[in-house]
Amino acid sequence: MISKNDRIIFHIDVNSAYLSWTAVKLLQYGSTHDIRKVPSVIAGDSENRHGIILAASIPAKKLGIKTGDVLWQAKMKCRDLEVYPPDYDWYMKSSRALVDMLYEYSPKIQRYSIDECFMDCSNYRENYVGIAKSLKARISEELGFNCNIGISQNKLLAKMASDFKPKNSVHTLFKDEIEKKMWPLPVGELFMVGRATRTKLTRLNINTIGELASFDVNILKGFLHSQGQLVHDYANGIENSEVRSSNYLDIKGLGNSITIAYDVDNFEEASRILLSLTESTAMRLRENGSLCSLVAVSIKTDTFISYSHQKKLTRSTDCTSEIFEGIKQAFIECWKGENIRQLGVRLTKLSSNEYRQENLFDYVASEKQVKLDTTIDALRKRYGKDSIVRSIFINSGVKAIEGGTGSHSDYPMMGSIL
DNA sequence: TCTGGGGTCCTAGGACCC
DNA sequence: TCTGGGGTCCTAGGACCC
């Protein structure tokens, strides 16, 4: 169990978050039909080639439908599958409501993703399970959705615990429970063992987490390099990272990408889409108070081949037109002329805009650009994203501002590591 | 029949310098 | 003309997460 110097970490995980949150919204708007109780999914529309399952109800899961499946395949498994579109603004509100409630319990909270949080509850030396249960009950009653809470001495084990069945429960996975509760599980269920790693481990005849835990770590490192050490540690429950109150300023990079409803085969069209993506990404960059000095373009072709190319800027900037020049250059340098299915823009090497390095030669011009961007951002914030649109987009068939967890993204996305 | 979008981190290989 | 090795930095791609 818990000893004196142990931390107590909660991991709160909303069950089928998107589906639950849409269900709650429908009920709040007067529906009497709870989509959690029938086969249903949240998915984009196939017509625009966004037809992927983002979340599935438990009845849908029982029919073999899971996140990431293609919509038409899911429909074949269940003829009267109910399909609902995602509503990201609502999901952000729901997520925020959850976090607000968690702050009543502890100030040390790390938002790991839109539907997962770590919370350091080391202050509750006794009855932490009882506290978790009452927290879970409050979330159900006051917010209307269910979650799992995992409890342990570190974040990894707490996260593993919150995956345990049954759903809508509190589970513990303390170090002295690893052997019984975690080691019998298939190795692919360990955090950070994805498909590629699992395949390699299977070749070494490692099939359960317990087999991984007792395997020679040096042999593992030979096959998996640093990943070998990491998963071996995780299989043994070793992980010591802090619950760090996330600061949105310390993101490493940001980007937007879009799968286009049709294949793009000419430069002008691709360029318009890239500008549209640059607009939304640069806006987020400015909102974050950051400058970037490296930009990258990514391309996915109609045959699903992906590649990317990056371009260093001459100085750090948050100016849409400067960033777009870099993006356009990068695209010209790498596009091989295939039909394009998806385009992406990514900004990295971020720094704070407190230390804006002015261009000595056209100081006035760049001053003006900064003011222009700031003004446009303010107008769009006030009157909506489409209130100001570049003339190039009018009648072009391309949305002026494409993609993006725009202003509502007030948490950093999770990393793959804790 | 068709296959999303947002992230972080690591690594192999090439360029360049000494 | 041909030969080496080590260090650093950069890039593209691939691993993982939700």
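Here is the naming used below: chain letters follow the sequence lines, and residue numbers restart at 1 for every chain. Remember, it's a predicted structure, so these values are computed and weren't measured experimentally.
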Does anything in residues 339-348 of chain A reach DNA chain B, meaning a heavy atom under 4.0 Å, and if so which residues?
A:Arg341, A:Gln342, A:Arg346
If you measure from the Lys or Arg side-chain nitrogens to the Asp or Glu carboxylate oxygens, is any gap between A:Asp69 and A:Lys77 under 4.0 Å?
yes
Is the base of B:dT1 syn or anti, if syn means a glycosidic angle within 90° of 0?
syn
Which ones in residues 158-175 of chain A lie close to DNA chain B, meaning a heavy atom under 4.0 Å from one of its atoms?
none
Taking Watson-Crick and G-U wobble pairs with both distances under 3.5 Å, convert DNA chain B into its dot-bracket string, 5' to 3', dots for unpaired and | for cross-strand pairs.
....||||||||||||||
Whether the side chain of A:Ser280 engages the backbone of A:Ile401 through a donor-acceptor N/O pair (distance < 3.5 Å, no angle test) should be reported.
no
Expressed as a whole number of Å, how far does the P atom of B:dT3 sit from that of C:dC18?
24 Å
Set of side-chain contact (heavy atoms from CB on, under 4.5 Å) partners for A:Lys200, sequence neighbours left out:
A:Leu224
Please classify B:dC2 as syn or anti, treating any glycosidic angle within 90° of 0 as syn.
syn
I'd like to know if A:Lys25 pairs up with A:Asp89 as an ion pair, taking the criterion as any Lys NZ or Arg NE/NH1/NH2 lying under 4.0 Å from an Asp or Glu carboxylate oxygen.
no
Look at A:Gln310 and C:dT11 and indicate whether a side-chain polar atom (N or O) is within less than 4.0 Å of OP1 or OP2.
yes
Check each residue of residues 50-61 of chain A for a non-hydrogen atom within less than 4.0 Å of any atom in DNA chain B, then write out the ones that pass by number, or none.
A:His50, A:Ile52, A:Leu54
Pair A:Ser152, A:Ile9 - check side chain to side chain contact (heavy atoms under 4.5 Å, CB included), show working.
CA-CA 5 Å; A:Ser152 186; A:Ile9 309 294; 5.9 Å; no
Charged N to carboxylate O below 4.0 Å: is that the case for A:Lys159 and A:Glu239?
no
DNA chain B-proximal residues of residues 292-307 of chain A, any heavy atom under 4.0 Å:
A:Lys300, A:Phe304
Lys/Arg-Asp/Glu bridge criterion (N-O < 4.0 Å) met for A:Glu177, A:Lys180:
no
Return no unless some side-chain N or O of A:Asn256 is found under 4.0 Å from OP1 or OP2 of B:dG5.
no
Hey, mind stepping through A:Glu338 and A:Thr303 against side chain to side chain contact (heavy atoms under 4.5 Å, CB included) and telling me if it holds?
CA-CA 9 Å; A:Glu338 315 95 322; A:Thr303 54; over 6 Å; no
